[in-house]
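Just so you know, these numbers come straight off a predicted model, no measurement behind them. FYI, side chains are in, hydrogens and waters are out, and symmetry mates aren't considered; it's all heavy atoms of this structure.
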Amino acid sequence: MPEDSDWEAYKVPPTRTPVSERTTSVPNPVNFFQTALSYVIDAPVTFVREWIERRQAKNKFYYYHQKFHRVPDLSECLEGDYLCYYEAEAQWRRDRMVDQEIVEIVRERLGACKQREGPNQFQNCAKEMELLAQVTKAYQDRYGDLGFHGNARTCLMKQKHRMMEERKAAQEKESE
């Protein structure tokens, strides 16, 4: 840009914007309505919201997942204690869902390993295959043959029958 710039071509805007003069003495109804709306609706709502936010800022809770305390197993419930039965049943259902998710996560890891390794999957994914076999066997031992309507009582009976069969097999092995 040349040193001797033409100030008429590049005019500086005025430093103050002129205020329009009122031509009437009657107040503007829009301004009145906006002010009334602000005091009647906006101010109380804003006050309540800020009050709630101040209260919540003191007690911050971080929810990652819901934590349930462990309840007694069905075998530990007293006879006729229906509340204990209900809590044990709910605990069993939560445990079953967790075990299902564990099996699914291990299965997904094996699938990702197979996808990643390609033709070398049998060598490089042997550890994941072994883990999946262990997890699915444990899940099948605990929840297999219960069906969709399985509950804590039938699972406990299945566990009892399995333990009795193992004892019987051990006794027969000793007697030979």
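V45 and F47 are assigned to two separate hydrophobic clusters, defined by single-linkage of ILVMFWY side chains at heavy-atom distances under 4.5 Å. The hydrophobic cluster containing L78 does not contain V71, counting ILVMFWY residues as joined when their side-chain heavy atoms lie under 4.5 angstrom apart, directly or transitively. Taken together through direct or relayed side-chain contacts under 4.5 Å among Ile, Leu, Val, Met, Phe, Trp and Tyr, L74 and W92 form parts of separate hydrophobic clusters. Residues L131 and V98 share a hydrophobic cluster, clusters being chains of Ile/Leu/Val/Met/Phe/Trp/Tyr side chains in contact below 4.5 Å.
Smallest separation of non-hydrogen atoms from E117 and N124: OE1-ND2, 2.7 Å. The nearest pair of heavy atoms linking M129 to K114 is CE-CE, 3.7 Å. In terms of heavy-atom proximity, P72 sits nearest to A88 at O-CB, 3.7 Å.
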Worked verdict on R94 versus D99 for salt bridge (charged side-chain N to carboxylate O under 4.0 Å, His left out): CA-CA 9 Å; R94 287 191 295 268; D99 291 343; over 6 Å; no
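Using a distance-only test at 3.5 Å, with no hydrogens or angles considered, a donor-acceptor pair links the side chain of T136 to the main chain of L132. For T154 (side chain) and G150 (main-chain N/O), no donor-acceptor pair under 3.5 Å exists by modelled atom type.
No more than 12 heavy atoms of other residues, nucleotides or ligands shown are found within 6.0 angstrom of CZ on R109. Annotation: N120, atom CG; neighbour count of heavy atoms from other residues, nucleotides and ligands within 6.0 Å is above 12.
A distance of 7.0 Å separates OG1 of T35 from OH of Y39, quoted to the nearest 0.5 Å. Once rounded to the nearest 0.5 Å, the distance linking CD of E76 with SG of C84 reads 8.0 Å. Distance CD/Q159 to CG/D141: 10.5 Å, rounded to 0.5 Å. Distance OH/Y86 to CD/Q91: 12.5 Å, rounded to 0.5 Å. The CG atom of L110 lies 8.0 Å from the CD atom of Q121; values are rounded to the nearest 0.5 Å. Annotation: the span from L146 atom CG to M157 atom CE amounts to 12.0 Å, rounded to 0.5 Å.
Using a 3.5 Å distance cut-off with no hydrogens or angles, the side chains of Q100 and Y143 do not pair a donor with an acceptor.
By the salt bridge (charged side-chain N to carboxylate O under 4.0 Å, His left out) test, K160 pairs with no residue at all, sequence neighbours left out. Listed by chain and residue number, E89 satisfy the side-chain hydrogen bond (donor to acceptor under 3.5 Å, both in side chains) test with R93 (two or more places apart in sequence, or in another chain).
In this structure, R153 satisfies the cation-pi test against Y85, with its NZ or CZ atom closer than 6.0 Å to the six-membered ring centre and inside 45 degrees of the ring normal.
Between R107 and E104, at least one side-chain nitrogen of the basic residue sits less than 4.0 Å from a carboxylate oxygen of the acidic one, meeting the salt-bridge criterion.
Judged as a disulfide bond (SG atoms under 2.5 Å apart), the pairs with a partner in residues 93-146 (not counting sequence neighbours) are, in order, C113-C125.
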